[in-house]
Amino acid sequence: MKELRLMKGNEAIAEAAIRCGADGYFGYPITPQSEVLEYLMAERPYEKTGMVVLQAESEVAAINMVYGGAACGKKVLTSSSSPGISLKQEGISYIAGAELPCVIVNVVRGGPGLGTIQPSQSDYFQAVKGGGHGDYRLIVLAPASVQEMADFVKLGFDLAFKYRNPAMILTDGVIGQMMEKVELFESQPRLTKEEILKQTPWATVGKTPDRERNIVTSLILDSAIQEQHVNKLRDKYIEIEKNEVRYEKIQCDDAEYLFVAFGSSARICQKAVDMGRAKGIKVGLLRPITLFPFPKQVLFELADQVKGILDVEMNLGQMVEDVRLAVNGKVKVEHYGRYGGMIPSPDEVLLALENQIIGGK
Amino acid sequence: MKENLTVDRSSVPLTKEDFVSDQMVKWCAGCGAHAILSSVANVFPKIGYKKENFCLVSGIGCSSRFPYYVNTYGFHGIHGRANAIATGVKIANPHLSVWIATGDGDSMAIGGNHFIHIIRRNVDLNIMLFNNQIYGLTKGQFSPTTPQGSVTKTSPQGTIEQPFNPGELILGAQGTFFARVADTNPKMMTEVMFEAAKHDGTSVVEILQNCVIFADKTHNTITSRDLRDDHQLHLKNGEPMLFGKEKEKGIMLTATGLKVVKIGENGITLKDILVHDQYAQDPGIHLMLAKMNPPEFPVALGVIRSAKFSTYDDMVVEQIAYAKENSSILSVDDLLNSGDTWEI
């Protein structure tokens, strides 16, 4: 049965992990996401579903525990905040290289460096463009509500297993810490050993006489074979771009101007849309839900309809590069950002639209 | 060679006030870190170096706010990396007196690797290990020194992990200086910090620190008024290891290890009591002392080990000097005219 609860975004991540039948969570405390680990420890899922919860000695240890768990075909996840996610990048690159599924949650805080513990969206590049070394992509989901925090854990695992690729939930301190009503999905049991064997024939589950042994590795010394491997990854990313683009269009049908924003910035822009419309400005909002794959096509089409686009992010301007690539010069695209832990108000976002796009040249 | 590495001394006498910074101290009221700060401000003027030649390096955690509060140069680094950063500081500028403020999260967990390697190299600097047995800054998760069974935010049923005894780790990593003090005894802390400063090589002072919010009274079996006489052994070099309210108990070395004995009982006299030799090269007895724990033993406080070995920075400087003296190449021209530098 579906269940309604008032929860913090971080708690919704944790609860959803238990409910979607995750086998293990590995984490390390860092503000503003320590509640994920704390909630899981307090809930004792190991007594209910057998899910393992472990506080590692560092973020590096946690991501490598995920690497190990994922190699066994298990549903495993980790969460952290920006500085901790930087530490995980080596592991993430290896997991992507070895084509293993897992979910990584980044509750972003302002950087660079130790920065601040206040919310930010300054890890867009890191999540979408690489972060670790090598030619790889993460499936990146950007929740804009506590509801989506819960739902995207399940979606993240589904996509991760479908494509044998790590999925990242890119959220921030606003959504991690705020409380909202959540409709929790029904619990599903953890996979049995037989189901794992069937679903993940590549997993390191022990060799029986009827199957070859599996070796998980990201090392391919022969360049020609490594190139083939990267081609295989490329084909997978193309497939993901074809099938998995998700976005939300808000009041776009008659829009003359457009906000593009993800996550908490989109929530702010949603209010700015209402305020703009009240003033007679026909403005809409495109909210990318998947940051990779990026909703290029819909932006390309909207660019024919609107007179200008304001990209709003809590950073110096990162997603705006992808917006410009998608729009391909058809219409003016400007960036408005606050950063370092500052959060823009709907008024200032609307004012920015009026100054930079409507009144701007 | 040693002269090259000395730190410039202050020409005017400095006082505690010289080392107090203008920053508001943001530790909780009742936090043990206040006592450590006061102790450092007392010790630094006694050491006598110029203020600008002290450098305080920290990682992340409550302990790591330390550099803001001492009026010297400071470096607030990366979680767990203070020891690596400080190694860089000291090797790049051996003329600095380098001090590290770090905690049981910073140096025992995420930075455990750098911690053992700075000690193994014996870089000449001073580590203050704030051990409050909890992650304070992230609000109360267990750390690698949290006693087994403790209920914390991330161990609602009690931790199942074996904690580190930092002393064992330090001596296992070939530590040349290890001392342990409690935040309840600022006098001893100040004396020990001074000893640490004098030591050539990596000194580690473990401070049993109280976290008044998330692990209050965690060291109470050692520091509380009614238990401290029986549960603390104050080590003094060259003196017998006596403890108890009337110094009626002592530590004896037997064929199988250390033993607590009572003077006057079973023919035990003062002569049977082990005499502390902090300078012993062999760490065997130091390790036994570091491992002592109540209720069977008192906890050893004071300087447990202070052994003389070559320091990494001395050897780096020596190597460079040797290479300079013995190289036939003294300039770029010499190098260019030195003939083939490889063979095919």
Side-chain angles (χ1 to χ4, degrees), chain A residues 8 10-11 14 18 25-48 51-65 78-91 107 109 111-117 173 176-177, chain B residues 26 57-62 64-65 67-68 74-85 103-116 134-146 148 150-164 169 211 214-215:
Chain A
K8 271 191 178 192
N10 288 335
E11 293 168 348
I18 302 171
Y25 168 91
F26 307 94
Y28 186 78
I30 182 171
T31 311
Q33 67 77 53
S34 298
E35 293 87 357
V36 181
L37 173 61
E38 289 169 4
Y39 184 95
L40 283 168
M41 287 288 194
E43 284 296 306
R44 304 181 187 178
Y46 34 89
E47 288 173 1
K48 297 173 199 159
M51 177 187 179
V52 173
V53 187
L54 193 149
Q55 180 185 313
E57 67 274 28
S58 69
E59 290 87 350
V60 180
I63 191 70
N64 282 288
M65 289 171 185
T78 183
S79 68
S80 190
S81 180
S82 308
I85 295 291
S86 291
L87 278 168
K88 291 183 194 291
Q89 292 303 330
E90 178 191 59
V107 185
R109 58 191 247 184
L114 193 55
T116 172
I117 57 172
Q177 293 293 329
Chain B
K26 284 185 183 169
V57 182
S58 68
I60 306 297
C62 290
S64 298
R65 298 202 56 78
Y68 297 108
F75 197 140
H76 189 188
I78 304 178
H79 191 31
R81 319 299 171 203
N83 295 301
I85 292 169
D104 45 308
D106 205 43
S107 270
M108 295 289 103
I110 189 165
N113 190 21
H114 306 303
F115 183 74
I116 56 175
I134 196 83
Y135 289 137
L137 194 70
T138 51
K139 301 201 243 63
Q141 301 83 7
F142 67 85
S143 87
T145 60
T146 303
Q148 195 175 37
S150 303
V151 171
T152 71
K153 282 224 186 107
T154 47
S155 57
Q157 292 170 288
T159 56
I160 51 172
E161 296 188 1
Q162 273 300 334
F164 268 137
L169 191 66
C211 172
F214 298 110

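Below, read A as the first sequence line, B as the second, and so on, with proteins coming before strands; counting in each chain starts at 1. Bear in mind the structure is a predicted one, so any value in this text is a computation, not a measurement.
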How would you list, by chain and number, every residue that makes a ring pair (Phe, Tyr, Trp, His ring centres under 6.0 Å) with B:Tyr135, sequence neighbours excluded? A:Tyr28
Around B:Phe214, counting heavy atoms of other residues, nucleotides and ligands shown, do more than 12 lie under 6.0 Å from its CZ? yes
Measuring only between side-chain heavy atoms, which start at C-beta, is A:Ser34 closer than 4.5 Å to B:Gln141? yes
Is it true that, when you exclude A:Lys48 itself, more than 12 heavy atoms of the residues, nucleotides or ligands shown sit nearer than 6.0 Å to its NZ? yes
Closest non-hydrogen contact found for B:Arg81 with A:Leu87 is NH2-CD2, 3.2 Å
Got more than 12 heavy atoms from elsewhere within 6.0 Å of CD, A:Gln89? yes
Between B:Gly112, B:Ala109, B:Gly77, which residue shows the highest count of heavy-atom pairs closer than 4.5 Å to chain A? B:Ala109
Do side-chain atoms of A:Gln55 reach the backbone of B:Phe142 as a donor and acceptor pair under 3.5 angstrom? yes
Write out all pairs satisfying salt bridge (Lys or Arg N to Asp or Glu O under 4.0 Å) with one or both partners inside residues 27-41 of chain A, taking only residues at least two apart or from two chains. A:Lys8-A:Glu35
Here the gap from B:Leu137 atom CG to A:Ile117 atom CD1, rounded to the nearest 0.5 Å, amounts to 8.0 Å
Any heavy-atom pair between the side chains of B:Lys153 and A:Leu37 that's under 4.5 Å? no
Is any side-chain heavy atom of A:Glu47 closer than 4.5 Å to a side-chain heavy atom of B:Gln157? yes
Comparing A:Pro32, A:Gly27, A:Pro29 against chain B, the one with the most heavy-atom pairs below 4.5 Å turns out to be A:Pro29
Is chain A contacted by the side chain of B:Ile78, its backbone, both, or neither, given a heavy-atom distance below 4.5 Å? neither
